[in-house]
J.: 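Okay, handing you the structure first.
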Amino acid sequence: MKIFQEIIQQTDFQQEDLVRLLSAENEERILLFEKASQVKRETIGNKVYFRGLVEFSNICSKDCLYCGIRKSNTNVIRYDVANSEILEACRFAWENRFGSVVLQSGELSSPVFVNRVDHLLKEIKKLSNGELGITLSCGEQSRETYRRWFESGAHRYLLRIESSNPELYKKIHPDNEHHFYEKRLECLHLLKETGYQTGTGVMIGFPFQTLEDLADDLLFFKKMDIDMIGMGPYVEHEDTPLYVYRHLLKTRQERFDLALKMVATLRLLMPDVNIAAATALQAIDPVGREKAVKVGANIIMPNLTPCDYRKEYQLYEGKPCLDEDASLCKNCLEARIEISGSEIGYGEWGDSKHYLRKTGRS
Ligand code: SAH
Ligand code: SF4
C-alpha cells in the first residue's frame with residue numbers, strides 16, 4: 001500500500017488515493033491541508049474573489065428531499081424581491097468593487113420568470129457599465145433559456161450535481177420526471193456548450209453517502225472538465241423528508257471537517273479551478289469559510305440579499321448572517337480574510353485560470 005506522503009505528492013489520483021486523502025486524520029490531515037495550501041499559492045496565488053449573492057426568490061417548483069424551501073414546505077413564506085431592490089443590491093456590489101454577483105433562486109421555468117431574469121441581466125450590465133460579472137444559479141432550464149440568458153450577460157452558471165452517483169441522486173430526490181439525474185447531467189452539458197463557465201458541486205455528508213461516493217464526485221468534476229466548484233456540508237432541515245434519516249448522519253463537526261478535506265483534496269486534483277467556500281460551512285463554524293480559504297478555496301459569496309427576506313431562504317438550519325446588512329457583511333468578511341493571510345481581488349472578475357487556459361486566454 002502507498003504511503004500517505006507519496007499520495008499527496010501525486011498530480012493524478014485514483015479513487016482509492018482520494019479515499020485515503022479524505023480519511024486523513026491527525027498529522028496526515030495537517031499534511032493534506034498544508035499541501036493544498038501550497039498548491040493553491042503556487043498555481044493561482046493568494047487572492048480571494050467576492051461574488052455578491054442575491055437570493056432573489058424562494059419560490060420553487062421542485063421538491064428536493066433535503067431542501068428547506070422545497071415546494072411542499074408550507075412553513076415558508078414565499079417571496080420575490082422587487083427588481084428595484086435586486087438592482088440596488090447589485091449596485092452596492094459594483095460600488096464596493098465586488099467583481100461579480102450571483103443571482104440565485106428556486107427553480108421556475110415559466111416565461112414570466114425567464115423574461116424577468118433576462119431583463120435583470122440587461123439592467124445589471126447597464127448599471128455597471130458592463131463591469132459586473134454575473135453568475136446565475138436558477139436550476140435546470142432549456143437550451144434556449146440558457147442561451148438567451150448567456151446572450152443577455154450571464155457568463156457563469158452554478159448547477160450542483162448534488163451527487164454524481166445516480167443511485168444516490170435518486171435517494172435524495174422524489175422519483176418523478178422533475179427530478180431526473182439524466183436531465184441534470186444534460187443541463188451541465190448544455191451549459192458548457194452554450195459557453196458558460198460552468199460550476200457544479202455536491203453536498204457533503206448526507207445520509208447514505210460514502211467516502212467512495214465523494215471520491216467519485218471529485219473524479220466526476222475532473223472528467224467533466226468543470227471550471228468552478230462549490231461544495232458544502234449537508235445541514236439537515238426539520239421540514240424536509242430527509243430529516244427522518246438524521247440518525248445516520250455524522251456529527252455536524254465531522255461533516256464540516258470532511259468538507260474541508262474535500263476542498264483540499266480537490267485543490268490537489270484540479271489545481272487551477274475556482275473553488276467556493278460554501279456558506280453552509282459558516283452554518284456550522286462561524287469562521288468556516290475562512291478555514292476553507294486556508295486549505296484551497298478562493299471564492300467567497302457575501303450575502304447581499306435584503307435582510308427582510310433572508311430568514312425565508314433557509315435551505316438548511318442555522319443559516320448565518322440573517323440580520324447583517326450588506327455593508328456589515330462586507331466589513332466583517334474583509335477583516336477575516338485578511339487575518340487568514342489572503343488578499344481580496346477587488347474589481348476583478350476572478351475567472352478560473354482553468355477556464356482561461358482552456359479557452360486560450362491565459
Ligand atoms: N434552486 C437552485 C439554486 C438554489 S439551491 C438549484 O437547486 O440549483 C442551491 C444549493 O443549495 C443546492 O444546489 C444544494 O446543494 C444546496 N442545499 C439545499 N439544501 C441543502 C441542505 N439541507 N444542506 C446543504 N446544502 C443544501
Ligand atoms: Fe428548489 Fe433548488 Fe431547493 Fe431543489 S435545491 S427544492 S430546486 S431551491
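Since the structure is predicted, the reported quantities are computational estimates derived from the model, not experimental observations. All ligand and atom numbering here is 1-based and tracks the order in the structure.
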J.: What's the shortest distance from atom 3 (Fe) of ligand 2 to any protein heavy atom, and which residue and atom give it?
T.: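 I find the closest protein heavy atom is Cys67 SG, 2.4 Å.
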J.: Among Asp63, Thr240, Asp239, which one satisfies side-chain hydrogen bond (donor to acceptor under 3.5 Å, both in side chains) with Ser72?
T.: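 Of the listed options, the one satisfying the test is Asp63.
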J.: With a 4.0 Å cut-off on heavy atoms, does Tyr243 reach ligand 1?
T.: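 Contact check Tyr243 vs ligand 1: negative.
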J.: Under a 4.0 angstrom heavy-atom cut-off, which atoms of ligand 1 come close to Tyr234?
T.: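 Counting atoms of ligand 1 from 1, those under 4.0 Å from Tyr234 are 22 (N), 23 (N), 24 (C).
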J.: Short list, please: which atoms of ligand 1 are under 4.0 Å from a heavy atom of Cys67?
T.: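 Result: 19 (N).
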J.: Give the atom numbers and elements of ligand 1 that come within less than 4.0 Å of a heavy atom of Ser137.
T.: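 Contacts of ligand 1 toward Ser137, numbered from 1: 3 (C).
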J.: Would you indicate which of Glu317, Arg184, Arg160 comes nearest to atom 8 (O) of ligand 1 when only heavy atoms are counted?
T.: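 Ranked by closest heavy atom to atom 8 (O) of ligand 1, first place is Arg184.
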J.: Measure the distances from the heavy atoms of Pro233 to every atom of ligand 1 and state whether one is below 4.0 angstrom.
T.: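 For ligand 1, residue contact (heavy atoms, under 4.0 Å) with Pro233 is present.
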J.: When you check the gap from the basic side-chain N to the acidic O, do Lys62 and Glu107 get nearer than 4.0 Å?
T.: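 Salt bridge flag = yes for Glu107 with Lys62.
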J.: Just heavy atoms, cut-off under 4.0 Å: does Ile69 contact ligand 2 by side chain, backbone, both, or neither?
T.: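 The side chain, only.
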J.: I want to check something: taking the side chain as every heavy atom from C-beta on, are Lys170 and His179 in contact at a cut-off of under 4.5 Å?
T.: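 No, their side chains stay 4.5 Å or more apart.
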J.: What do you reckon, is NZ of Lys222 surrounded by more than 12 foreign heavy atoms closer than 6.0 Å?
T.: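 Yes, because the 6.0 Å sphere around NZ of Lys222 holds more than 12 heavy atoms from other groups.
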J.: Tell me the closest heavy-atom pair linking Arg310 and Thr305, and the distance in Å.
T.: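 For Arg310 versus Thr305, the nearest heavy atoms are NE-O, 2.7 Å.
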J.: Are side-chain heavy atoms of Leu65 and Pro174 found at a separation under 4.5 Å?
T.: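 Sidechains of Pro174 and Leu65: in contact.
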J.: For Ala280, is the nearest heavy atom under 4.0 Å from an atom of ligand 1?
T.: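 Checking ligand 1 against Ala280, which is what was asked, there is no heavy-atom contact under 4.0 Å.
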J.: Tell me the protein heavy atom at minimum distance from atom 19 (N) of ligand 1, and give that distance in Å.
T.: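 Ranking protein heavy atoms by distance from atom 19 (N) of ligand 1, first comes Tyr66 CD1, 3.4 Å.
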J.: List the closest protein heavy-atom neighbour of atom 4 (Fe) of ligand 2: residue, atom name, distance to the nearest 0.1 Å.
T.: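 Answer for atom 4 (Fe) of ligand 2: Cys64 SG, 2.3 Å.
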J.: Distance under 4.0 Å to a non-hydrogen atom of Tyr313: what atoms of ligand 1 satisfy this?
T.: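 Heavy-atom distances to Tyr313 below 4.0 Å select 4 (C).
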J.: Are Tyr66 and Tyr234 an aromatic pair, judged by ring center distance below 6.0 Å?
T.: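 They do not qualify: ring centres at least 6.0 Å apart.
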J.: Hey, is Glu140 close enough to Arg184 for a salt bridge, meaning N to O under 4.0 Å?
T.: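 Looking at Arg184 together with Glu140, the answer is yes, because their closest N to O distance falls below 4.0 Å.
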J.: Which residue holds the protein heavy atom closest to atom 21 (C) of ligand 1, what is that atom called, and what is the gap in Å?
T.: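 For atom 21 (C) of ligand 1, the nearest protein heavy atom is Val235 O, 3.5 Å.
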J.: Does Asn298 reach the side chain of Lys40, with side-chain heavy atoms less than 4.5 Å apart?
T.: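 Yes; the side chains approach each other to less than 4.5 Å.
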J.: Name the residue from Phe50, Tyr49, Trp349 that meets the ring pair (Phe, Tyr, Trp, His ring centres under 6.0 Å) definition with Phe98.
T.: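 Only match with Phe98 under ring pair (Phe, Tyr, Trp, His ring centres under 6.0 Å): Phe50.
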J.: Under 6.0 Å between ring centres, would you say that holds for Tyr309 and Phe56?
T.: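 No, the ring of Tyr309 stays outside the 6.0 Å limit from the ring of Phe56, centre to centre.
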J.: Among all protein heavy atoms, pick out the one at the shortest distance from atom 12 (C) of ligand 1; state its residue, atom name and that distance to 0.1 Å.
T.: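 Answer for atom 12 (C) of ligand 1: Glu162 OE2, 3.3 Å.
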J.: Taking backbone and side chain together, does Cys60 place any N/O/S atom at a distance below 2.8 Å from atom 4 (Fe) of ligand 2?
T.: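 It does not: Cys60 brings no N, O or S atom closer than 2.8 Å to atom 4 (Fe) of ligand 2.
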J.: May I ask whether His237 places a heavy atom under 4.0 Å from ligand 1?
T.: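 No.
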J.: Does ligand 1 have a heavy atom under 4.0 Å from the side chain of Tyr157, from its backbone, from both, or from neither?
T.: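 Answer for Tyr157: neither.
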J.: Taking atom CD of Glu42 as the centre, does the number of heavy atoms from other residues, nucleotides or ligands within less than 6.0 Å exceed 12?
T.: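 Yes - once you tally the heavy atoms of other residues, nucleotides and ligands closer than 6.0 Å, there are more than 12.
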J.: Just need the protein heavy atom nearest to atom 11 (O) of ligand 1, so name the residue and atom and give the distance.
T.: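 Nearest neighbour among protein heavy atoms for atom 11 (O) of ligand 1, to 0.1 Å: Leu315 CD1, 3.3 Å.
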J.: Heavy atom to atom 2 (C) of ligand 1, shortest distance: which of Ser57, Ser105, Ser61, Cys64 holds it?
T.: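 Among Ser57, Ser105, Ser61, Cys64, the closest heavy atom to atom 2 (C) of ligand 1 comes from Ser105.
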J.: Where is the nearest protein heavy atom to atom 26 (C) of ligand 1: which residue, which atom, and how far?
T.: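 Scanning the protein heavy atoms, the shortest distance from atom 26 (C) of ligand 1 goes to Met203 SD, 3.5 Å.
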J.: Could Glu28 and Lys261 be called an ion pair, given the rule that one side-chain N must be under 4.0 Å from one carboxylate O?
T.: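 No, this pair does not count.
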J.: Can you tell me the protein heavy atom closest to atom 9 (C) of ligand 1 and the distance?
T.: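 The answer is Gln104 NE2, 3.8 Å.
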